[in-house]
A.B. asks: 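This is the structure I have questions about; it appears just below.
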There are 2 protein chains.
Amino acid sequence: MSIDIECIHRVLSSIIEIDDKEWEYFSGLFEVKDFKKKEILLHADTICKNIFFVNTGLLRIYFTDNNGRESSFHFVPENDFATDYESFLQHTPSKCYIQALEDTNVVIISNNVVLDGYKKLRYGEKLGRKLSEKYFILYCNKIHALYTLTPIERYRVMNKLFPYILQRVPQHYIASYLNISPVHLSRLKNEQD
Amino acid sequence: MSIDIECIHRVLSSIIEIDDKEWEYFSGLFEVKDFKKKEILLHADTICKNIFFVNTGLLRIYFTDNNGRESSFHFVPENDFATDYESFLQHTPSKCYIQALEDTNVVIISNNVVLDGYKKLRYGEKLGRKLSEKYFILYCNKIHALYTLTPIERYRVMNKLFPYILQRVPQHYIASYLNISPVHLSRLKNEQD
DNA sequence: TTAATTTGTTAACAAATGTTATTGAATTAG
DNA sequence: CTAATTCAATAACATTTGTTAACAAATTAA
């Protein structure tokens, strides 16, 4: 099997049972692509037609507000998926951007391929459900944190859940993820001691 | 058909096709129940085993933080569903409470009944998917608003999307929904003119 | 009806957070 | 390697938001 799709094979196999025949067919529909650091994989206001699986590198999903200011919504490292699932499901214009923070190699699964997978894979529907539940729970936790935790508490939670992210991402992106200004994050980190 | 389940029949029929035979069986598994104003339908730290459909009245879903302070997450009026879907799906302790803000009459659909519906209704799985997508999109919009809008902008959006809510809910609950203090909301409303 | 409770507003003050600008270090591009 | 750019820290100041308390209006309970 091409090394490009070994990782995603391992990840999907951990969720549902896929036999070799199924995999040979399904993975043949994937596209593998490289993006340079800072390249945009998905533009806001366009319809998101892909799910990206990160082989190597790091992606950032972010919004912009009326003043053009960015809010980092999520960071996606190796072996994880990135998409705007709302736009993907509804075929509505995306509210967010997906950008490479490092040179990044991704497996691209298009909308058509996903729909085909639902039909052709024995457990395709289950896979779709499991992945969508995973995202749903991510969102639940995000909202809960925004409502009930202070910025510094959110920082500590992030530190605990995604320690590797803090080492790889410029701090002002972390600040926008926490929904505070970069200056304020710098202050909070000092006060912490 | 009992008047108790006319509303939910209408709502579900607008999502999927259900014939009379199916409905007779499925609706026979529902429970209908009255809750007094201020009563709790779901306690935090318990496992959410039900989906509630509001016939008459109004529900509030809210979190509490470490200091016991409440954050209203969502208001659920007539003809809409309330649940902690994260807890319901995963069988994990709920992070939130569901409370009646008025005397409220609900149809209760238990976890078992939902699972049964997935099997026995021709379009049961599709119904589950559609409802879960609806919640997912609600969450997307919520997060987007928290990141990109100011409190007064969130207030205006809420006013536009759920005008009836503002008439029926004490203002300090609205404030906690917007994630600001009641005093601050009162100020913002004055400044608005 | 009357008393108790809840609610919304306002004022005064405190705390949290944002903004701008400056600096030097780190990183990147050529 | 050098110049340009990005980045993090800091200070000074402005703005937003929270807190407490007081009061009056509205609602609820007895």
A.B. asks: Report the residue from A/Y173, A/Y139, A/Y62 that forms a ring pair (Phe, Tyr, Trp, His ring centres under 6.0 Å) with A/F73.
C.D. replies: A/Y139
A.B. asks: Which whole-number value in Å describes the distance from A/L101 CG to D/dT6 P?
C.D. replies: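 So the two atoms are 15 Å apart, to the nearest Å.
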A.B. asks: Let me have a per-nucleotide readout for nucleotides 25-30 of chain D, 5' to 3', with B, S or -, counting only protein heavy atoms under 4.0 Å.
C.D. replies: ---S--
A.B. asks: Quick one: bend of the helix from C/dT1-D/dA30 to C/dG30-D/dC1 from 5 pairs per end, to 10°?
C.D. replies: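 Terminal axis comparison yields 60°.
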A.B. asks: Using a heavy-atom distance cut-off of less than 4.0 Å, which residues of residues 54-68 of chain A contact DNA chain C?
C.D. replies: none
A.B. asks: Return yes when atom CG of A/D20 has more than 12 non-hydrogen atoms of other residues, nucleotides or ligands closer than 6.0 Å, and no otherwise.
C.D. replies: no
A.B. asks: Does D/dT6 have OP1 or OP2 under 4.0 Å away from a side-chain N or O of A/Q171?
C.D. replies: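 So the side-chain polar atoms of A/Q171 never come under 4.0 Å of the phosphate oxygens OP1 or OP2 of D/dT6.
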A.B. asks: Could you check how far CD of B/E70 sits from P of C/dT6, rounded to whole Å?
C.D. replies: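 Atom CD in B/E70 sits about 13 Å away from atom P in C/dT6.
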A.B. asks: Could you tell me whether A/R129 and A/E133 make a salt bridge, using a distance below 4.0 angstrom between a side-chain N and a carboxylate O?
C.D. replies: yes
A.B. asks: Measure NE2/A/H172 against P/D/dA9 and give the value in whole Å, please.
C.D. replies: 13 Å
A.B. asks: How does protein contact run along nucleotides 11-22 of chain D, one letter per nucleotide 5' to 3', with B for base contact, S for sugar-phosphate only, - for none, heavy atoms under 4.0 Å?
C.D. replies: BB----BBBB--
A.B. asks: Would B/K142 and A/Y147 count as a side chain to side chain contact (heavy atoms under 4.5 Å, CB included) if you check the C-alpha gap in whole Å, the side-chain angles of each, and the deciding distance to 0.1 Å?
C.D. replies: CA-CA 11 Å; B/K142 187 115 185 155; A/Y147 268 109; 3.1 Å; yes
A.B. asks: If only atom types and distance count, is the side chain of B/S87 paired as donor or acceptor with the main-chain N or O of B/T92 below 3.5 Å?
C.D. replies: yes
A.B. asks: Round to the nearest Å and state the distance from A/L149 atom CG to C/dT17 atom P.
C.D. replies: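 Roughly 12 Å, once rounded to whole Å.
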A.B. asks: Between the side chain of A/E17 and the main-chain N/O of A/Y123, is any donor-acceptor distance below 3.5 Å?
C.D. replies: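 Here the side-chain-to-backbone pair does not exist.
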A.B. asks: For residues 42-55 of chain B, which residue pairs pass the salt bridge (Lys or Arg N to Asp or Glu O under 4.0 Å) check, not counting sequence neighbours?
C.D. replies: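 For residues 42-55 of chain B, and leaving out neighbouring residues, there are no salt bridge (Lys or Arg N to Asp or Glu O under 4.0 Å) pairs at all.
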A.B. asks: Taking the six-membered ring for Trp, are B/F75 and B/F162 closer than 6.0 Å centroid to centroid?
C.D. replies: no
A.B. asks: Which atom names give the shortest non-hydrogen contact between B/I137 and A/E86, and what distance separates them?
C.D. replies: CG2-OE2, 3.6 Å
A.B. asks: Find the distance A/L178:CG to C/dT17:P and express it as a whole number of Å.
C.D. replies: 11 Å
A.B. asks: To the nearest 0.5 Å, what is the distance between OH on A/Y97 and CG on A/D84?
C.D. replies: 12.5 Å
A.B. asks: At what distance, to the nearest 0.5 angstrom, does CG of A/L166 lie from CG of A/N159?
C.D. replies: 4.5 Å
A.B. asks: Can you name the nearest heavy-atom pair linking A/L42 to A/I40, along with the distance?
C.D. replies: O-CG2, 3.2 Å
A.B. asks: Please report, to 0.1 Å, the donor-acceptor pairs under 3.5 Å made by any side chain of residues 32-39 of chain B, with sequence neighbours excluded.
C.D. replies:
residue : atom : partner : partner atom : Å
B/D34   : OD1  : B/N105  : ND2          : 3.0
B/E39   : OE1  : B/K36   : N            : 2.6

